[in-house]
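First the structure, in the form of structure tokens, and then the observations on it.
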Protein chains: 2
Amino acid sequence: MMIDELNWKILKCLQENARMSNAEIGRRVGVTSPAVSERIKKLEDAEIIQGYTTFVSPLEVGYQFKALITLSAFMGMLKPFLEKVKTYDEVVNCYRITGNENIVMEVVLKNQRHLQTFIDQLIIFGETKTQIVLSHVVKYSEVKPIK
Amino acid sequence: MMIDELNWKILKCLQENARMSNAEIGRRVGVTSPAVSERIKKLEDAEIIQGYTTFVSPLEVGYQFKALITLSAFMGMLKPFLEKVKTYDEVVNCYRITGNENIVMEVVLKNQRHLQTFIDQLIIFGETKTQIVLSHVVKYSEVKPIK
DNA sequence: AGTGAAAGTGATATACG
DNA sequence: CGTATATCACTTTCACT
């Protein structure tokens, strides 16, 4: 599928604020709301738009910190881990990566004890490395057109 | 601010689909749409809700891969980097972390050459480590109530 | 803090450039 | 692929509880 300039403008609006009305998007990009509606539908069908979500602040709801946890899986333990990780409420993001380290997870934790019990659950899968997140410098920045 | 069970149900709906109408949320959680509207406004004011966004697939719009790039900053170079990183279109997320490695970035790249030119920009700030993302196993999972 | 009703605005389907 | 119109749904405000 083709993404023209108008579609990029619509994607920009939606990335800025997913709850913006089609009418408001239309005003900003210079078309009517049915046109916006149809284009959004096509972007969804083409899976260019993969969903709409809300940022809920982990700190404001009582989690004390975030951490990045890196897992170097033991032989044969990567596959079971990939299934298991989906069930952890703590994990908000999980990437499989190249190299000796196989997995990086972004986790939300309520306190140090919680970190300990969480890491304890991982030891059967491999070796872990924990890095506490001090700040989220760039947060879910927009995906922009390729130059 | 207090987050009661009703607010958690509303947050669950919004995290699943930020574009869900207040009326639809109301039907699912058992209140009227003005009630939903008012609660959402309070959650926004309390900065529990920090925004609404749209997932645009980097691969579908022409980026060939993602990478995690770790930066171990040279003495005195962390602060200038923290300003500079906001200007990079490639960086969709950037975390400052504890330990010898100071920064982890999630970046979208159009090809190998792009990776090289991007890393070249970083060498003045510190040493880098690059891990190519093979898959995004858990994607922006919901933040859930603390048990 | 939530409901119900009124008025305004937005979404959707259809007909037509 | 877009607009224009009409109908229906949703949002917002407000009086009341």
Side-chain angles (χ1 to χ4, degrees), chain A residues 1-63 140 142-147, chain B residues 1-63 140 142-147:
Chain A
M1 172 167 174
M2 246 292 292
I3 313 182
D4 59 15
E5 208 181 318
L6 183 54
N7 276 344
W8 271 114
K9 284 183 185 169
I10 292 170
L11 289 174
K12 185 172 189 298
C13 290
L14 287 172
Q15 288 186 93
E16 265 174 40
N17 175 12
R19 280 176 78 76
M20 192 181 291
S21 71
N22 293 349
E24 175 61 23
I25 296 169
R27 273 176 233 120
R28 296 191 186 197
V29 308
V31 289
T32 57
S33 78
V36 173
S37 176
E38 205 175 315
R39 277 171 173 265
I40 290 176
K41 198 175 176 319
K42 284 182 185 168
L43 289 165
E44 287 169 350
D45 291 344
E47 293 181 71
I48 290 163
I49 291 176
Q50 301 200 321
Y52 307 96
T53 198
T54 296
F55 295 138
V56 174
S57 168
L59 273 65
E60 293 295 333
V61 304
Y63 291 96
Y140 308 106
E142 279 171 41
V143 175
K144 297 176 190 75
I146 294 181
K147 286 167 194 164
Chain B
M1 171 168 176
M2 246 295 288
I3 314 184
D4 60 15
E5 207 181 319
L6 184 54
N7 276 345
W8 272 113
K9 285 183 186 171
I10 292 170
L11 288 175
K12 185 171 189 298
C13 290
L14 287 173
Q15 288 186 92
E16 266 173 39
N17 175 12
R19 280 176 78 76
M20 193 181 291
S21 71
N22 294 346
E24 175 60 24
I25 296 169
R27 272 175 233 122
R28 295 191 187 197
V29 307
V31 290
T32 57
S33 77
V36 173
S37 175
E38 205 173 315
R39 277 171 175 263
I40 290 177
K41 197 176 176 317
K42 283 182 184 168
L43 289 165
E44 288 169 349
D45 292 345
E47 292 179 74
I48 289 163
I49 291 176
Q50 301 200 320
Y52 307 96
T53 198
T54 296
F55 295 138
V56 174
S57 167
L59 274 64
E60 294 294 334
V61 303
Y63 292 96
Y140 308 107
E142 277 172 41
V143 175
K144 298 177 190 75
I146 294 180
K147 283 165 194 165

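Treat the numbers as computed from the prediction; the structure is a model and nothing was measured. Chain letters run A, B, ... following the sequence lines, proteins first, then strands; residues in each count from 1.
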From A:Asn7 atom CG to A:Ile49 atom CD1, the distance as rounded to the nearest 0.5 Å: 8.5 Å

Positions of residues 46-55 of chain A (non-hydrogen atom under 4.0 Å from DNA chain D), listed by number: none

pair B:Ile3-A:Glu60: side-chain heavy atoms closer than 4.5 Å: no

Among D:dG2, D:dC1, C:dG2, the nucleotide that comes nearest once only the side chain of A:Lys42 is considered: D:dC1

Whole-Å gap separating C1' (C:dA15) and CD (A:Glu38): 14 Å

Between protein and nucleotides 10-15 of chain D, what N or O pairs are separated by less than 3.5 Å?
unit_1: D:dC10; atom_1: OP1; unit_2: B:Arg27; atom_2: NH2; d: 2.9
unit_1: D:dC10; atom_1: OP2; unit_2: B:Arg27; atom_2: NH2; d: 3.1
unit_1: D:dT11; atom_1: OP1; unit_2: B:Asn22; atom_2: N; d: 2.8
unit_1: D:dT11; atom_1: OP2; unit_2: B:Asn22; atom_2: N; d: 3.3
unit_1: D:dT11; atom_1: OP2; unit_2: B:Ala23; atom_2: N; d: 2.8
unit_1: D:dT12; atom_1: OP2; unit_2: B:Ser37; atom_2: OG; d: 3.4

NZ (A:Lys12) with more than 12 external heavy atoms under 6.0 Å: no

Under 3.5 Å: donor-acceptor pair, side chain of A:Thr53, backbone of B:Thr53: no

Non-hydrogen side-chain atoms of B:Arg19 and A:Leu14 separated by less than 4.5 Å: yes

Protein-nucleotide distance (B:Ile25, atom CD1; D:dA9, atom P), rounded to Å: 19 Å

B:Lys9: salt bridge (Lys or Arg N to Asp or Glu O under 4.0 Å) partners, not counting sequence neighbours: none

Side chains of A:Val61 and B:Ile146 in contact at under 4.5 Å (non-hydrogen atoms): no

Pair assignment for DNA chain D - dot-bracket with | for other-strand partners, Watson-Crick or G-U under 3.5 Å: .||||||||||||||||

Pairs satisfying ring-ring contact (aromatic ring centres under 6.0 Å, His included), at least one member in residues 33-58 of chain B, at least two apart: B:Phe55-B:Tyr140

Any residue meeting salt bridge (Lys or Arg N to Asp or Glu O under 4.0 Å) with A:Glu24, in chain and number order, not counting sequence neighbours: A:Arg27, A:Arg28

Crowding at CD, B:Glu47 (>12 non-hydrogen neighbours, <6.0 Å): no

Sugar-phosphate, base or nothing in reach of B:Leu6, heavy atoms under 4.0 Å: sugar-phosphate

Interatomic spacing from CD1 in B:Ile48 to CD1 in B:Ile40 - rounded to 0.5 Å: 12.5 Å

Rounded distance (Å) that lies between atom P of C:dT12 and atom CD1 of A:Ile40: 9 Å

